[in-house]
Structure formats: C-alpha cells, structure tokens
Amino acid sequence: MFDVEYLRRQFPILETKIRDKYPLIYLDNAATTQKPFIVINSIVDYYTKYNANVHRGVHYLSGLATERFEQARDVVRAFINANSNDEIIFTRGTTESINLVAHSFCKTFLTKDDTVMLTQMEHHSNIVPWQIARDNFGFKLDYLTFDDNGELENVKEKILSVKPKLLSLCHISNTLGTVNNIKEIIDLCHSIDCYVLVDGAQSIAHKIIDVKDLQVDFFVFSGHKVYAPMGVGVLYGRKEILEKMDVYHGGGEMIKEVTMEKTIYNDLPYKFEAGTPSVADVIGLATALSWLKSNDLQAIIDYEDELLRYATEQLQNIDGIRIFGNAKHKSSCISFLADGIHHLDLGTLLDAMGVAIRTGHHCAEPVMQRFCIEGTDRVSIAAYTTKNDIDVFIDSLNKALKMLR
Ligand SMILES: *Cc1c(COP(=O)(O)O)cnc(C)c1O
C-alpha cells in the first residue's frame, strides 16, 4: 500500500504556513512539483563536496563530478528504458528540448512541401518552436483538433490524408488533463513514415514511460515537474535520427576539433550539449528519478488517479461549476470555471485561504480559444497530495463562491 503521510514527511516545504497561518494546500503541481529532502541534499552535496566542471579537468574533483554526471545519464536512460546513453541529451527543460528538435530535425529532414502536425491542445512550447522553424525553413504546419470533451478527433483520417513528416503532441494535456493514446498514434504515424515527438512534461511523473515499448522517436520532459530541480530537462531521441540531425547550439563540449575555419563536431550525446551543463541539477534529476522509482511508481499512479476521480466528483457536486476536459482517460489535473466568476478572482480568494491553484491560460491559448474563454482555474495533484488537500480546497471553494456570488 502507498503511504502518503510517509511520503509527505520527505517534503520540507509542505510544513510551510501560508501567511504564517494556513497550512499549505499545494494544488499547482502541473506548473512545478515540490522537491524531497533527498533531491535538495544531492544539490547541497554537490556544491559542498565536489563542484567542478565536467569532462574537462584532469583533477580529482572534475573526475568525480564527471562520473556522477554520467551516472545520472544512466539513471535517466534506465528510467525511460532507452537503449543507449547516446540517446539521452541533457537540456534546460522541455522547452529547450523541443526547440532543439524543431530546429535541427526540421533543418535536416524537411523540405518546403513537408508538413509538421501538432494538436490544438499543446503547450505554447510545443507550438512556437515549430512556427519559428516553419518561418526559417519553409514547411507547412497543421493541427489535430479536439472535441468538446477534450479528446483528439479524426486522428486517423487526418494523419492518413495529410501525411505529415512529423507529429509532435503531448502525452498528457497540461490544461485538459487528457491522456492521449500515444502508442496507437505512434504506430499509425510509423505506418506512413511519420516521426513522432511526445511532449512528456506532464506524463513523466504520472505514467510509466518506456520509450522502447512505445517506439517513440523523441520524448522530452522537464526535471522540475518530476520532483527534480528547475534548469534541467531531457531530450530522448532515437540514435539513428540524432546522428543524422544537424547541430543546434555551438560552443564547448559539442566539438571534437576547432580551427579558425571550421569545426568537427563531437559524438552523441555531447554533440547536442554545448557549454557547461547544469551539473548539480542533472544530479538532482537522477536523484529524483531514483527516489520516485524506489517508491513504487505504479502505486503512486493508482493513488493519484483515485484522488483525481474524487476531486472531480466533489467539483461536479457544486452548482455552476463547468469542467473543461472530460476525456475518458485523464490524469493529474482539472480545469474548471465557476459560472459568472472570473478565474483570477477565484484563484485570488483561494490563495487568501492558503490554497495554491493556477489561473489563466496555462500556456495553452489555443485551448482557451477552442472554448471561447480567456482562462480557467486549474487544480493539479502530485504523489504527496492528500484527500484532505482536496477537502480543504472544496471547502475553500464553497466559501469563495459564497463571497463572490
Ligand atoms: C510545463 C510544460 C511544458 C514546458 O515545460 P518547461 O519546463 O517550461 O520547459 C511543455 N509542455 C507541457 C505539456 C507542460 O506541462
């Protein structure tokens, strides 16, 4: 059985009192997760005991930092079941990973007549990089749309008729909570030689990821949404694709040899890791993933799914609440609006009672446009969220609605 109280004691921030008064009810986990002691300590450990630049020095500390840094790559590879460490590129986060692929993949693989397909439920970081690449390289962009429940519609028809060269889509929508059937979509895309990038920013903490089983071409995520530090993320890419792809950032580390005329680039994965990496954060990420694995991820997932069902029911019991995103398969977040009440007013009142939720467009304006709204209120859960958190949230929501109505 999953013991949420035992888990909670490992997160120091959960002891925080909001405005010295209210216990923290943190329901903004889709924006970022809190960090357990073991992750915080791994960063302190690095800076107090072995801070040095990696892959450079002959000295002892540099050797140690390099060893830990490369062990972290091992941990990430194992966590997502990739074949080789060459397929694990450390970036600053999901955003940088997608920008890298949008630039380098498109430059190498696409012509003017090709199409990149996205979906209407993407985070801005899975839209804007492709628009920039389109403007640079001149391919076409198209979108899969979603229905009133927040499920992708006409997927097969659209993909088979447009025949994109690459489809980039989220595993879990950060706004609607929809879990896309990526396995089926990847198989369909591969049947027409279309590559697939999966934005795993929301799924890395809430699903078991096996890139080998999925046969996905690219899988990207941010550390900070999976109990790890900010400033680090991952690009997984299939080796034979990464090898062909043009470079992205230039600088130290990504080179084999530089003359004043030209550069011979380094091998994978270093070819895509220009400059000094965020070593402490990479080690923090590996610590977080090892920690998560040691906690029985499947038990956490089942617990979270149950909690999401409970929160959904409680919300549905309140008059005048509209939930955006009613897909059959959902995970970890609920977007909603209260009739006649601005999302920001509600969020502000909840905050005054110590309940942290997210308000606004959640970096997914096309989703808001689909529903002709400006924004929503969103609650999102993590492994340390409790039934009590949900009850306090619902209580506070009822109080806030009374004040606002
Ligand atoms: C958070 C998020 C991103 C962006 O992640 P960053 O850490 O800001 O780079 C992209 N896609 C989804 C689905 C997200 O939830």
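Just so you know, residue 1 is the first one in the sequence shown, and it goes up from there. Numbering of ligands and ligand atoms starts at 1, following listing order. None of the values given here were measured: they were computed from a predicted structure.
- When each of Asp389, Leu14, Ile13 is paired with Tyr384, the side chain to side chain contact (heavy atoms under 4.5 Å, CB included) condition holds for Leu14 and for no other.
- Atoms of ligand 1 lying under 4.0 Å from any heavy atom of Ser222, numbered from 1 in the order shown and given with element: 5 (O), 6 (P), 7 (O), 9 (O).
- Side-chain contact annotation: Thr145 with Gln120, donor-acceptor N/O pair under 3.5 Å absent.
- The distance from ligand 1 to the heavy atoms of Gln202 drops below 4.0 Å at these ligand atoms: 13 (C), 14 (C), 15 (O).
- Distances from atom 12 (C) of ligand 1 to the heavy atoms of Thr32, Asp199, Val220 put Asp199 nearest.
- For Glu253 and His55, the side-chain atoms include at least one donor-acceptor pair closer than 3.5 Å.
- Close approach of ligand 1 to Thr95 (heavy-atom distance below 4.0 Å) involves ligand atoms 4 (C), 6 (P), 8 (O), 9 (O).
- Selection from Lys225, Met121, His123, Glu96 by nearest heavy atom to atom 1 (C) of ligand 1 gives Lys225.
- For the 3.5 Å distance criterion, the side chains of Asp351 and Thr348 fail to qualify, holding no donor opposite an acceptor.
- Between the side chains of Asp305 and His206, not a single donor N or O lies within less than 3.5 Å of an accepting N or O.
- Below 3.5 Å of separation, one finds no N or O of Asn174 facing any N or O of ligand 1.
- When heavy-atom distances to ligand 1 are checked against a 4.0 Å cut-off, Arg92 has no atom that comes that close, whether in backbone or side chain.
- Among all protein heavy atoms, the one lying closest to atom 10 (C) of ligand 1 is Ser125 OG, 3.1 Å.
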Given Arg77 and Asp74, is the salt bridge (charged side-chain N to carboxylate O under 4.0 Å, His left out) satisfied, shown in steps?
CA-CA 5 Å; Arg77 178 194 47 71; Asp74 259 340; 3.4 Å; yes
